[in-house]
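Here is the naming used below: chain letters follow the sequence lines, and residue numbers restart at 1 for every chain.
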Protein chains: 2
Amino acid sequence: MASLTRIIEKHIEELLEGTSEESVFLSRKDLAQHFGCVPSQINYVIRSRFTPERGYIVESQRGGHGYIRVIRLCLDMPEERANHIEELVGDTVNEQDIRRILANLQYRGIITARERLLIEVAARFQEEIGRDLLDLSPYKRDSLHAELLKRLLRSLALG
Amino acid sequence: MASLTRIIEKHIEELLEGTSEESVFLSRKDLAQHFGCVPSQINYVIRSRFTPERGYIVESQRGGHGYIRVIRLCLDMPEERANHIEELVGDTVNEQDIRRILANLQYRGIITARERLLIEVAARFQEEIGRDLLDLSPYKRDSLHAELLKRLLRSLALG
DNA sequence: AAAGTTAAGGTCAATATTCGTCAATAATGC
DNA sequence: GCATTATTGACGAATATTGACCTTAACTTT
């Protein structure tokens, strides 16, 4: 359970929590040195963990006095949240995408565990019906999934 | 009688009971090794036993330091409560029935307003698909409604 | 001011480590 | 016997780690 990536991720999260600013400035080289890894490992952590999907924006600059800046987005307004959901879901999602999106939303405190469970059950039921009873194509099923997911999440975001 | 699947199921349940956390992290490879089976057997146990319908959520990650995380949302539902759901919902329900049932559950504090909203939205979406896209008979639609509602409520383990 | 030097960060591909899926078969329960 | 459930294994997909090589910006020297 001791994954370097997760350790570094945690570290950056703590830096963000420990500041009143909306962002932190990191030094790739120093971080890598501190955790005893190659610098590109930091890029990997950033790319895989601090994504817009998870509510972060990242800026950086090369050269002397270079830095990596991680900015925490806050989506307070319902309108923003709704738009974010549209992007997150897109036009088609498979069951794996759904699980990933829901885990992320719960992690960010946007939905509760029970709400997540309800959404999963609804999606599974729809998948089952679409596959076994109606013999829909996988593509059709995925686009129905996307539509269902967007409606469910929108109803929460706006409410 | 002591099928491998049941033994592994039991093992995971015991892990869940033996922790104060709401979830356990499993290693598919180690588990398989421990029980002397192929790794995909673990997937079978998870898929057939630890479903959202039974109140579990499962997350997993591949690759280095990968894991399977089983989250338990609720305690086992007593038999009588399950029966109560069956009675409450029956074999067919129309949208009006659904609204009535949900209003009642919310009034009794068994579900939140947001959960109610999710269930209603899911039911409406299903109705819409069944009617407009698939041209199902009203009876068929109502029995699908009943099935969906029962699954959703059962997953929340309410009575 | 231009050119060179130094000090950042970025990209990409190779490799290793897990887990997931699917379909064939076997076993079990009715 | 037939239908459902369980077991297995081959193959595929995702994630993590590392290192070689590239790009950019500031500083230094001429």
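- Using a 4.0 Å cut-off between charged nitrogen and carboxylate oxygen, B:E147 and B:R151 count as a salt-bridge pair.
- At the heavy-atom level, A:I68 lies under 4.0 Å from the strands shown only through sugar-phosphate atoms.
- Contact between the side-chain N/O atoms of A:Y44 and the OP1/OP2 oxygens of D:dT17 is not found at any separation under 4.0 Å.
- One atom, NZ of B:K29, and another, P of D:dT8, lie 19 Å apart when rounded to the nearest Å.
- For the pair B:T19 (side chain) and B:L16 (backbone), a donor-acceptor distance under 3.5 Å is absent.
- No donor-acceptor contact under 3.5 Å links the side chain of A:S60 to the base of C:dG9.
- The 5' end of DNA chain C is approached more closely, in terms of each residue's nearest nucleotide, by B:G64 than by the other of B:G64 and A:R99.
- In terms of position along DNA chain D, the nucleotide closest to B:V45 lies nearer the 5' end than the nucleotide closest to the other residue of the pair A:Q41 and B:V45.
- OP1 and OP2 of C:dC19 both lie 4.0 Å or more from every side-chain N or O belonging to B:H65.
- Here C:dC19 presents its P atom at 10 Å from CZ of B:R62, a figure rounded to the nearest Å.
- Across the protein-nucleic acid pair, A:E127 atom CD and C:dT21 atom P stand 12 Å apart, rounded to whole Å.
- Rounding to whole angstrom units, CD1 of residue A:I98 and C1' of C:dG20 are separated by 17 Å.
- The existence of a salt bridge linking B:R154 and B:E53 is excluded, since no basic side-chain nitrogen approaches an acidic carboxylate oxygen closer than 4.0 Å.
- Residue A:N94 contributes atom CG, which lies 12 Å from atom C1' of C:dG20 at whole-angstrom precision.
- For the pair A:Y67 OH and C:dA7 C1', the computed distance is 15 Å after rounding to whole Å.
- Residue contacts for B:I42: at a heavy-atom cut-off of 4.0 Å it reaches no nucleic acid atom on any strand shown.
- Closest approach to the A:L4 side chain among D:dC22, D:dT18, D:dG12 is made by D:dT18 (side chain taken as heavy atoms from C-beta onward).
- Under 4.0 Å is where a charged nitrogen must lie from a carboxylate oxygen, and between A:E127 and A:R141 at least one such pair does.
- Between A:L31 atom CG and C:dG9 atom P there is a gap of 9 Å when expressed in whole angstrom units.
- Rounding to whole angstrom units, CG of residue B:N43 and C1' of C:dA23 are separated by 15 Å.
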Please list, one pair per line, the donor and acceptor atoms closer than 3.5 Å that link side chains of residues 26-40 of chain A to other protein atoms, with sequence neighbours excluded.
| unit_1 | atom_1 | unit_2 | atom_2 | d |
| --- | --- | --- | --- | --- |
| A:S27 | OG | A:D30 | N | 3.1 |
| A:S27 | OG | A:D30 | OD2 | 3.4 |
| A:R28 | NH1 | A:N43 | OD1 | 2.6 |

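- Between the side chain of B:S40 and the base of C:dG20 there is no donor-acceptor pair of N/O atoms closer than 3.5 Å.
- Closest contact between the side chain of A:V38 and the listed nucleotides D:dT17, D:dA6, D:dT18 involves D:dT18.
- A donor-acceptor contact under 3.5 Å is not formed by the side chain of A:R28 with the base of C:dA8.
- Between B:Q61 and C:dT17, a side-chain N or O to OP1/OP2 separation shorter than 4.0 Å is absent.
- Using a 4.0 Å heavy-atom cutoff across all strands shown, B:G66 reaches sugar-phosphate atoms only and no base atom.
- Residue contacts shown for B:R47 are absent, as no nucleic acid heavy atom lies under 4.0 Å away.
- A donor-acceptor pair shorter than 3.5 Å can be found between the side chains of A:R108 and A:N104.
- Within the 4.0 angstrom heavy-atom criterion, only backbone atoms of the sugar-phosphate kind lie near B:R49; the bases stay farther away.
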